[in-house]
Engineer: 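Have a look at the structure that comes next, please.
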Amino acid sequence: MDKDELKLTSAEIGTLWGQYVNGTAIDIVNKYMLSTIEDEEIKVIFEDAIKISENQKQQIARFIDNEGFPIPVGFSESDLNEGTNRLFSDIFCLHYLHIMTLHGLIGHTTSLSSSVRKDLRHFYESCSNDAITMYQRTTELLLEKGHFQRDPYFYPDEKPEFVSGQSFINGFSSDKRPLAATEIVALSLNIKKKILEKSLSIGFSQVAQSKDVRKFLESMQNASNKQIQSLGNILKGDNLPVPMSWESEVTSSQDSPFSDKLMLYHMGFLLQSAQSYHGSGLASAMRVDLVTTYEKIILKNIMITKEWFNLMTKNNWLEQPPLAPNRKEIAKDK
């Protein structure tokens with residue numbers, strides 16, 4: 001049998017389904033941002049990002065359709081309100097595309113590692129290459145414009161060192177050790193993603209139509225702010241710089257460019273993605289105060305995600321992914 005004719009596995013269908021729905025949501029945000037961007041260099045990158053996304057969406061739809069599964073509804077132009085006032089600055093849009101590209105790169109790599117069929121592996125390899133190129137371009141443009149926030153610098157040790165005792169993990173006494181480089185990279189990345197999460201929740205809460213959605217977004221904004229402070233205080237404790245916030249890049253517009261469904265879904269996507277980054281930070285943490293901080297953040301986000309799920313299902317906005325056959329129900333219907 002031709003390897004390309006093998007039926008897709010549950011993992012392959014699952015990754016395709018997730019990539020399609022998430023991709024359509026982000027694509028609508030990109031299209032809105034493109035309509036407001038004035039900087040020509042940023043505009044060109046967004047135009048290319050939208051073309052790449054459209055091509056990937058069509059290929060994913062073919063994969064799903066050829067297996068006999070219904071193509072997800074996802075998000076479309078009906079979730080975009082054209083002609084609305086600007087909600088985000090050009091620089092915020094560039095930061096947004098940069099962070100979403102990171103999410104995409106990790107998502108494509110994970111999907112590739114779950115794929116067996118040759119045509120699907122080649123597809124995700126192509127997606128990863130596109131994401132790498134987009135990451136390079138957004139990074140270069142942020143550097144050129146003086147808006148890329150680099151992580152703290154380190155001064156090299158004279159020779160390699162080895163952990164000598166339990167004091168290495170102590171994080172609550174005055175003589176706790178300085179942060180390790182592996183811990184700093186996780187802290188910095190988690191803070192940057194939380195800053196995006198907070199800024200989006202501020203903008204979305206200004207324009208959301210539903211009182212319940214606004215209330216949730218305000219709650220998420222407060223939680224993000226507290227988590228930024230908790231992680232930032234650990235960096236400050238070692239006299240290390242904390243990434244700058246982007247709240248000032250959100251305008252005061254109350255004119256909604258998106259449906260409430262899209263805005264709420266997008267925040268849920270960020271919540272769920274953040275959990276994997278918090279988990280990585282927890283895994284790399286070797287100081288007790290770091291471990292405790294990550295555990296609190298993860299538990300808090302589980303509670304917020306539950307609220308998000310309840311609100312999405314209450315409004316019938318949460319699309320159901322393909323499910324495994326219910327053998328008990330099939331047996332009953334015989």
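Small disclaimer: the values here were computed from a predicted structure and weren't measured.
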Engineer: For Ile106, give me all partners under side-chain contact (heavy atoms from CB on, under 4.5 Å), at least two apart in sequence or on another chain.
Structural biologist: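 Expected list: Thr110, Tyr277.
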Engineer: Could you report the tightest heavy-atom contact between Phe46 and Cys93, atom names first, then the distance?
Structural biologist: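 Minimum heavy-atom contact is CZ-O, 3.2 Å.
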Engineer: Quick check: closest heavy atoms across Met267 and Glu197, and the distance to 0.1 Å?
Structural biologist: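 Scanning both residues, the minimum pair turns out to be CE-O, 3.4 Å.
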Engineer: Return the orientation label for the Phe148 and His98 ring planes: parallel under 30°, perpendicular over 60°, tilted otherwise.
Structural biologist: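 Plane angle over 60°, so perpendicular.
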Engineer: As a quick check of understanding, evaluate side chain to side chain contact (heavy atoms under 4.5 Å, CB included) for Lys57 and Tyr20, giving each step before the final call.
Structural biologist: CA-CA 6 Å; Lys57 182 178 74 173; Tyr20 186 92; 3.3 Å; yes
Engineer: Looking at Gln254, I'd like to know if its CD atom is crowded, meaning that more than 12 non-hydrogen atoms belonging to other residues, nucleotides or ligands lie closer than 6.0 Å.
Structural biologist: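 Not buried by this count: 12 neighbours or fewer within 6.0 Å.
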Engineer: Minimum heavy-atom separation for Gly74 to Glu319, with atom names?
Structural biologist: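 For Gly74 versus Glu319, the nearest heavy atoms are N-OE1, 2.9 Å.
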Engineer: Which heavy atom of Ser205 sits nearest to which heavy atom of Glu218, and what is that distance?
Structural biologist: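 Nearest pair, atom of Ser205 first, then Glu218: CB-CG, 4.1 Å.
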Engineer: Report the C-alpha separation of Asp48 and Arg137 in whole Å, then their side-chain angles, then the decisive distance to 0.1 Å, and conclude whether the side chain to side chain contact (heavy atoms under 4.5 Å, CB included) test is met.
Structural biologist: CA-CA 11 Å; Asp48 291 344; Arg137 291 177 66 186; 2.9 Å; yes
Engineer: Is a side-chain donor-acceptor pair under 3.5 Å present for Glu54 with Gln58?
Structural biologist: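 Glu54 and Gln58 do have a side-chain donor-acceptor pair below 3.5 Å.
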Engineer: Report the distance from atom CG of Leu187 to atom OG1 of Thr182, rounding to the nearest 0.5 Å.
Structural biologist: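 OG1 of Thr182 is found 10.0 Å from CG of Leu187.
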Engineer: Are Met100 and Leu196 packed together at the side-chain level, in the sense that at least one heavy-atom pair is separated by less than 4.5 angstrom?
Structural biologist: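 They are in side-chain contact.
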Engineer: Determine whether Ser126 and Gln59 make a side-chain contact, defined as any pair of heavy atoms from C-beta on separated by less than 4.5 Å.
Structural biologist: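 Side chain of Ser126 against side chain of Gln59, heavy atoms only: no contact under 4.5 Å found.
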Engineer: Quick one: does Lys215's side chain get under 4.5 Å of Lys211's, heavy atoms only?
Structural biologist: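 No; the side chains remain at least 4.5 Å from each other.
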Engineer: Are more than 12 heavy atoms from other residues, nucleotides or ligands located less than 6.0 Å from atom NZ of Lys300?
Structural biologist: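 Counting neighbours around NZ of Lys300, 12 or fewer heavy atoms of other residues, nucleotides or ligands fall under 6.0 Å, so no.
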Engineer: In terms of relative ring orientation, are His266 and Tyr96 parallel, tilted or perpendicular, with 30° and 60° separating the classes?
Structural biologist: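 Perpendicular, since the angle between the ring planes exceeds 60°.
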Engineer: Under 4.5 Å between side-chain heavy atoms, hopping through other hydrophobics if needed: is there a path connecting Phe123 to Ile71?
Structural biologist: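 Yes, Phe123 and Ile71 fall within the same hydrophobic cluster.
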Engineer: Side-chain contact test, heavy atoms from C-beta onward, threshold under 4.5 Å: evaluate it for Pro243 versus Ser188 and give yes or no.
Structural biologist: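 Yes, close enough: below the 4.5 Å cut-off.
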Engineer: Taking side-chain contact (heavy atoms from CB on, under 4.5 Å) as the definition, give me every residue that meets it alongside Asn225, ordered by chain and number, with sequence neighbours left out.
Structural biologist: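 Asn225: side-chain contact (heavy atoms from CB on, under 4.5 Å) contacts with Lys198, Gln229.
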Engineer: Show me the pairs that pass side-chain hydrogen bond (donor to acceptor under 3.5 Å, both in side chains) and involve residues 63-87, at least two apart or across chains.
Structural biologist: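 As it turns out, the side-chain hydrogen bond (donor to acceptor under 3.5 Å, both in side chains) pairs with a partner in residues 63-87, which skip direct neighbours, are Lys31-Glu77, Glu67-Arg117, Ser76-Ser78, Asp79-Ser259, Arg86-Asp90.
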Engineer: Going by side-chain heavy atoms closer than 4.5 Å, which hydrophobic residues are tied to Ile132, directly or by a chain of links?
Structural biologist: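 Joined to Ile132, directly or through intermediates: Leu105.
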Engineer: For Ala181, enumerate each residue passing the side-chain contact (heavy atoms from CB on, under 4.5 Å) test, keeping only those at least two apart in sequence or located in another chain.
Structural biologist: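 For Ala181 the side-chain contact (heavy atoms from CB on, under 4.5 Å) partners, ignoring immediate neighbours, are Phe154.
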Engineer: Please say yes or no: joined through hydrophobic side-chain contacts below 4.5 Å, possibly via intermediate residues, are Ile298 and Phe309 part of one cluster?
Structural biologist: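 Yes; tracing contacts between hydrophobic side chains, which count when under 4.5 Å, links both residues.
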Engineer: Report yes if some heavy atom in the side chain of Ser35 is under 4.5 Å from a heavy atom in the side chain of Tyr32; otherwise report no.
Structural biologist: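 Yes, side chains in contact.
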Engineer: Would a hydrophobic clustering, with Ile, Leu, Val, Met, Phe, Trp and Tyr connected at side-chain separations under 4.5 Å, put Ile195 with Val185?
Structural biologist: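 No, Ile195 and Val185 fall in different hydrophobic clusters.
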Engineer: Is Phe69 linked to Val116 within one hydrophobic cluster, defined over Ile, Leu, Val, Met, Phe, Trp and Tyr using a side-chain heavy-atom separation of less than 4.5 Å?
Structural biologist: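 In one cluster with Phe69: Val116, no.
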Engineer: Centroid separation under 6.0 Å, is that true for the rings of Phe75 and Phe258?
Structural biologist: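 Ring-ring flag for Phe258/Phe75: false, centres at least 6.0 Å apart.
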Engineer: Membership question, hydrophobic clusters at under 4.5 Å side-chain separation (ILVMFWY): are Leu318 and Leu262 in the same one?
Structural biologist: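 Cluster IDs for Leu262 and Leu318 match.
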Engineer: Show the numbers, then the answer: is there a side chain to side chain contact (heavy atoms under 4.5 Å, CB included) between Thr138 and Leu94?
Structural biologist: CA-CA 7 Å; Thr138 55; Leu94 183 56; 4.2 Å; yes
Engineer: Run the side-chain contact (heavy atoms from CB on, under 4.5 Å) test against Ser111 and tell me which residues pass, sequence neighbours left out.
Structural biologist: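 Partners of Ser111 under the side-chain contact (heavy atoms from CB on, under 4.5 Å) test: Thr15, Gln19, Tyr124.
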Engineer: If you look at every heavy atom in His103 and Ser273, which pair is closest and at what distance?
Structural biologist: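 Heavy-atom minimum between the residues: CE1-CB, 3.5 Å.
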Engineer: What distance separates Leu34 CG from Ile50 CD1, expressed to the nearest 0.5 Å?
Structural biologist: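 Leu34 atom CG to Ile50 atom CD1 measures 4.5 Å (nearest 0.5 Å).
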Engineer: Report the C-alpha distance between Met134 and Asp130 in whole Å, list the side-chain angles of each, state the deciding distance to 0.1 Å, and finish with yes or no for side chain to side chain contact (heavy atoms under 4.5 Å, CB included).
Structural biologist: CA-CA 6 Å; Met134 187 58 63; Asp130 287 337; over 6 Å; no
Engineer: For atom NZ of Lys296, decide whether the heavy atoms of other residues, nucleotides or ligands shown that lie under 6.0 angstrom number more than 12.
Structural biologist: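 Open.
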Engineer: Side chains of Glu183 and Ile234: closer than 4.5 Å at any heavy-atom pair?
Structural biologist: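 The answer is no; the side chains never approach within 4.5 Å.
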Engineer: Answer yes or no: is there a side-chain heavy-atom contact under 4.5 Å between Thr139 and Leu143?
Structural biologist: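 A side-chain contact under 4.5 Å exists here.
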Engineer: So which heavy atom on Ile37 is nearest to which on Lys43, and how close?
Structural biologist: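 In terms of heavy atoms, the two residues are closest at O-CE, 3.1 Å.
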